[in-house]
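Predicted model only: the values in this text are computed from it and were never measured.
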Amino acid sequence: MRNKNLGLNEYKFLLKAAVSSGIGEQTYAPRMVFHGREACPTYEDGILEMEEFFHDSIDKLFKRNKISPCEIDVLVVNISMLATMPSMAARIINYYKLREDIKVYNLTGMGCSASLISLNIIENIFKNEKNKVALVVTSESLSPNWYSGSDRSMILSNCLFRSGGCAILLTNKLSLKNKAMFKLKQLVRVHHGAKDEAYDSCAQREDNQGNTGFHLDKKLPKAASRALVDNLKQIAPLILPIRELLRYSITIFMKKMNWSTTKGGPKPMINFKTGVDHICLHTGGKAVIDGVGANLNLSEHDLEPARMTLHRFGNTSASSLWYVLGYMEAKKRLKKGDTMLMISFGAGFKCNSCLWEVLRDLDNGNVWKDCIDNYPPKSIVNPFMAQFGWLHDHEDPDTFTIPDDYFIS
């Protein structure tokens, strides 16, 4: 309501977007939004948002795993939309007084799929160096990136993205194997940046009034679908049993030869659940979750962790995968020997995926511990339509205005 660039039609669009977003009422936004400074954030707002998260999550990670900061050999930090000098990785090194010989990587601009890119960096280092411990920090700074204009393609980002983050320890030390939760089995990355349609589908830019925001194009679902298909083509032979690959190949061949008994029937689909027990899906939005669910023929049980994470925490960018994983753990779904496929999307346009093996039964408390008993709720319908449905009673955009003293109670 503080955004003076919005009129009646923009409010109607915003209402429709918020109601259909799949996001609930308990997500987290940057402090400057609640202080009423979203139109004029400071440089320090972005830094403080990140440091507050760093100190809390990394402290807990070290304490829970009884790891000293001096034991960290590799640090990878990914925050796409905040570049500082010194870097955010350098700030972590300074605060925790990490070793001088630490290998450090600071990733920006890699979007929501950045955490799997961070994993890939660690994976490649571990192939060449033994007995190492790595720390991955994944988050997103919303403070300098809250959109205050009226472009509909950029208003959407305010409806989807919320504050959050995760810190992860990885190791190839055999002595720490008994403490490990997961083992990385496969990782595949696909980048469609050479295709203009994919490259332009989501990007940070200025609108016609000079307001910076994150543009989400109508072509985004198609770009995501194509990247997903290409990624799955690569990872499927690595993780699925031969019988499923053979069944799918025969089905495709019969359809091409017009030998199928169900002409014009459903499109042949490969069944990823024949080789994967759990799907950990990026919470890019309700449309992304629905689309991947349809493409992979997933059940509502499979999609529940992603839907509930979107409802409780929103899209926390590259860290959202780990909130979905936390839901599975809190619900005691993950048992020793299970396999889990992670799928993430990101600007560029990218689709990254990896396969984990669960090394022990997991039921530890995590970020979900204070609310997991309330999930899934009976309804995830957003209350905004009941609260602001009166917007649809107005028809003349030239005469409709929001009073300066109007506040949401």
Side-chain angles (χ1 to χ4, degrees), residues 1-50 52 79-83 140-164 200-218 220 285-287 310 313-317 347 381-409:
M1 291 296 185
R2 292 191 297 264
N3 187 350
K4 302 303 179 183
N5 294 315
L6 303 184
L8 174 61
N9 291 331
E10 287 77 23
Y11 277 118
K12 287 183 176 180
F13 173 79
L14 189 61
L15 177 62
K16 180 180 179 181
V19 169
S20 60
S21 67
I23 291 183
E25 292 294 273
Q26 291 184 300
T27 59
Y28 304 102
R31 291 184 183 276
M32 55 86 191
V33 173
F34 299 99
H35 295 163
R37 296 187 292 103
E38 66 276 0
C40 53
T42 66
Y43 177 69
E44 285 297 319
D45 284 329
I47 293 175
L48 290 173
E49 180 188 2
M50 291 296 92
E52 197 171 38
I79 300 166
S80 289
M81 299 175 71
L82 179 66
E140 189 62 270
S141 179
L142 299 185
S143 293
N145 298 292
W146 198 268
Y147 180 61
S148 298
S150 59
D151 188 309
R152 295 188 180 188
S153 70
M154 298 162 86
I155 289 175
L156 283 173
S157 63
N158 289 355
C159 299
L160 288 173
F161 290 100
R162 295 293 183 266
S163 297
D200 295 328
S201 61
C202 51
Q204 188 178 23
R205 72 183 193 188
E206 291 181 336
D207 64 14
N208 295 332
Q209 286 75 44
N211 298 297
T212 302
F214 197 66
H215 165 73
L216 300 174
D217 198 87
K218 293 179 179 178
L220 178 57
K286 184 177 181 298
L310 181 65
F313 296 100
N315 181 350
T316 58
S317 190
V381 175
N382 193 296
F384 282 173
M385 185 59 74
Q387 192 172 0
F388 298 107
W390 50 267
L391 284 168
H392 294 292
D393 296 334
H394 296 264
E395 298 296 336
D396 186 359
D398 295 326
T399 59
F400 178 77
T401 58
I402 295 290
D404 290 337
D405 59 350
Y406 187 91
F407 295 97
I408 303 173
S409 60

Checklist outcome for this item: Here the side-chain hydrogen bond (donor to acceptor under 3.5 Å, both in side chains) pairs for residues 29-41, sequence neighbours left out, are Arg2-Glu38, Arg31-Glu52, Arg37-Asp45

What's the separation between atom [atom1] in [X] and atom [atom2] in [Y], rounded to the nearest 0.5 Å?
X      : Y      : atom1 : atom2 : answer
Ile155 : Ser150 : CD1   : OG    : 6.5 Å
Met32  : Leu48  : CE    : CG    : 12.0 Å
Phe313 : Gln26  : CZ    : CD    : 9.0 Å
Ser153 : Arg205 : OG    : CZ    : 5.0 Å
Gln387 : Asn382 : CD    : CG    : 9.0 Å

Checklist entry - Would a distance-only check, ignoring hydrogens and angles, find a side-chain to backbone donor-acceptor pair under 3.5 Å from Asn5 to Ser148? => result yes

Who pairs with [X] by side chain to side chain donor-acceptor pair (under 3.5 Å), at least two apart in sequence or on another chain?
X      : value
Tyr43  : none
Ser201 : none
Gln204 : Asn145

Checklist entry - Just checking, any donor-acceptor pair under 3.5 angstrom between side chains of Ser143 and Glu49? => result yes

Item to check | Side-chain H-bond candidate by donor/acceptor type, Tyr147 with Asn3, under 3.5 Å | outcome: no

Checklist outcome for this item: Leu156 meets the side chain to side chain contact (heavy atoms under 4.5 Å, CB included) criterion, sequence neighbours left out, with Phe13, Ala17, Leu216

Checklist outcome for this item: Residues at least two apart in sequence or cross-chain that pass salt bridge (Lys or Arg N to Asp or Glu O under 4.0 Å) with Arg152, listed by chain then number, are none

Next on the checklist: Is there a side-chain contact between Cys159 and Ile23 in this structure, where contact means two heavy atoms from C-beta onward sitting under 4.5 Å apart?
Outcome noted: no

